*Asks:* 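Below: one structure in structure tokens.
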Amino acid sequence: MRFRPKLTVLGTGYLGAAHAACLAEMGFDVLGVDTDPARIGALGRGELPFFEPGLQPLLRRGLDSGRLRFTTSYEQAAAFGQIHFVCVGTPQLPGADGADLSQLRKCVTTLAPMLDSACIVVGKSTVPVGTATAMADQLARLAPAGSAVELAWNPEFLREGRAVEDTLRPDRIVAGVRSRRGEEALRQVYWQQIEAGTPFFVTGLATAELAKVAANSFLATKISFINAVAEVCETVGGDSVLLSRILGADPRIGPGSLWPGLGFGGACLPKDIRGFGARAAELGAAESLRILKEVDAINLRCRGRMIGLARDLAGGSLTGRAIGVLGVSFKPDSDDVRDSPALAVAKAIHDLGATVTVYDPAAMGKAREICPELQYAASAVGAAAEADVLLLLTEWREFCDADPRVLGKAAAQRNIADGRNVLDPDLWRAAGWCYRALGQPWSRQPTHCETDSGGSARGGLPIVSG
Ligand code: UDX
């Protein structure tokens, strides 16, 4: 009979809620803990406070089986858990590039004095390198059980929209540990994945912390690289989509995170590249990560280029024009609008004097909270209604498959700007639309017979990450 440690998950945001439900699905007894009573109440009733495909049934199953429970009580968590996973948020500091570690500090200083027997505390949150070592010392100092409380670091690589799959069947597991005991604890948790052949990397604490920020920085660099190439394409008449395919066909490069468009956003990539750079600077190695400043700048320029494209299609000025927007979440299959390029563009165009009407399959509520000044439609057709220009800003499947004839009937003028390079230009042009896209030449749009991409070669959903 395999030993199954009792687990707690501290912090039940996107990461923690997904982690807790997946651990229960893997057969563990799990206690999810959060200081927000409303969130804990919702989770306890089986209601997910955010949109994540496939997570709802797991939450329900965990609750029904009795293996998954939720509480606001740290006392209960300390008494219950043999392994405590710390999943609290570490957002960007307001007005600075570094990470705000206040939630992490609060979590550790609350939990540690209650730990009176041997246990393992496992950090999963993304942190500046060096945080784990400081946290280990703090735990040893504050916990009545002293050195019997051990710290390990097990960074999370899950993608929003793919959280369940990425947690149950991850690409790799990183176990940052200080001893054999820490390693064994993580092997007990992830035995199913290890038996299924998932690579299990045993490292020190610093390497584990760096694994996460280095991975995200690399993904961001790939995206910005292709978007820098896209800028050149716009001036010299190249096709960045075709270039992405050509580069991605080289196995040393690979197609993931190489799709040109509006660039990256969300709660991870932007803040992680800034936080990594800020930490390097603190450590006297600012020069080493200067590249990340450029990655950030290229990414933010994508938003400006998108606004320029909209202005161009609107005839040179956005003032007084009606602009329809498809998609405001930072990526499809998510309702997350944190640092969403789509929402930033919609807001900027509104601020330039246009009437902006948006539609998103999942993120309407969250977008409305942040940008009440925008108009919200109940469907894609509603967003296109009476629009002078329609912008596709987040590549939800529904938009990729949209019928240009139907949207064309609703629009005032048939101008479409494809910010994610996912529509079939031929199809849209055949339906009478003036089709433009980011990373395509500005001055001379290829027509059906001129296109060097063979017309419909770009149609359908690309592989945008992986
Ligand atoms: C990312 C990492 O992928 C994940 O491993 C980590 O744990 C958390 O951060 P996520 O933020 O969910 O995950 O999104 P991801 O799928 O990586 O996409 C990030 C952004 O890049 C999105 O805004 C997406 O639209 C954009 N993107 C992605 C591109 O612009 N082009 C691409 O080719 C891929």
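Keep in mind the model is a prediction, meaning the values are calculated, not measured. Read the numbers this way: they start at 1 and go in the same order the structure lists the ligands and their atoms.
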*Asks:* Any idea which atoms of ligand 1 are less than 4.0 Å away from a heavy-atom of L219?
*Replies:* 2 (C), 3 (O)
*Asks:* So for K212, does at least one of its heavy atoms come nearer than 4.0 angstrom to any atom of ligand 1?
*Replies:* yes
*Asks:* With a 4.0 Å cut-off on heavy atoms, is G265 touching ligand 1?
*Replies:* yes
*Asks:* Which value, rounded to the nearest 0.5 Å, describes the distance between L68 atom CG and L43 atom CG?
*Replies:* 8.0 Å
*Asks:* I need the atoms of ligand 1 closer than 4.0 Å to a non-hydrogen atom of R420, numbered in the order shown.
*Replies:* 25 (O), 30 (O)
*Asks:* Could you work out, with side-chain contact (heavy atoms from CB on, under 4.5 Å) as the rule, every residue matching S379, not counting sequence neighbours?
*Replies:* V381
*Asks:* Does atom CG of L300 have more than 12 heavy-atom neighbours, drawn from other residues, nucleotides or ligands, at distances under 6.0 Å?
*Replies:* yes
*Asks:* With heavy atoms of G263 as the reference, note each atom of ligand 1 found under 4.0 Å away.
*Replies:* 23 (O), 26 (C), 30 (O)
*Asks:* Can you tell me if G266 has a non-hydrogen atom under 4.0 Å from ligand 1?
*Replies:* no
*Asks:* Would you kindly check if the NZ (Lys) or CZ (Arg) of R429 is within the cone defined by 45 degrees around the ring axis of Y435 and under 6.0 Å from the six-membered ring centre?
*Replies:* no
*Asks:* With atoms numbered from 1 as shown, which atoms in ligand 1 lie under 4.0 angstrom from a non-hydrogen atom of F330?
*Replies:* 11 (O), 12 (O), 14 (O), 22 (C), 23 (O), 25 (O)
*Asks:* May I ask you to list the atoms of ligand 1 that are less than 4.0 angstrom from any heavy atom of E156?
*Replies:* 7 (O)
*Asks:* Considering only heavy atoms, which of K331, R159, K271, R162 lies nearest to atom 14 (O) of ligand 1?
*Replies:* K331
*Asks:* In terms of atom number and element, which parts of ligand 1 are under 4.0 angstrom from non-hydrogen atoms of E160?
*Replies:* 12 (O)
*Asks:* Please tabulate, one pair per line, all N/O donor-acceptor pairs under 3.5 Å involving side-chain atoms of residues 183-190, not counting sequence neighbours.
*Replies:*
| unit_1 | atom_1 | unit_2 | atom_2 | d |
| --- | --- | --- | --- | --- |
| E183 | OE1 | R180 | NH1 | 3.4 |
| E183 | OE2 | R180 | NH1 | 3.3 |
| E183 | OE2 | R187 | NE | 2.9 |
| E183 | OE2 | R187 | NH2 | 3.1 |
| E184 | OE2 | R180 | NH2 | 3.1 |
| Y190 | OH | K124 | NZ | 3.2 |
| Y190 | OH | N154 | OD1 | 2.6 |

*Asks:* In this structure, does ligand 1 have an atom that sits under 4.0 Å from one of the heavy atoms of K222?
*Replies:* no
*Asks:* When the ring planes of F50 and Y14 are compared, do they come out parallel, tilted or perpendicular, using 30° and 60° as the limits?
*Replies:* tilted
*Asks:* At less than 4.0 angstrom from any non-hydrogen atom of L269, what atoms of ligand 1 do you find?
*Replies:* 1 (C), 9 (O), 19 (C)
*Asks:* Relative to the heavy atoms of C268, which atoms of ligand 1 are at a distance of less than 4.0 Å?
*Replies:* 8 (C), 9 (O)
*Asks:* Identify whether NZ of Lys or CZ of Arg in R67 sits under 6.0 Å from the centre of the six-membered ring of F28 and within 45° of that ring's axis.
*Replies:* no
*Asks:* Salt bridge or not between K366 and D336? Use side-chain N to carboxylate O under 4.0 Å.
*Replies:* no
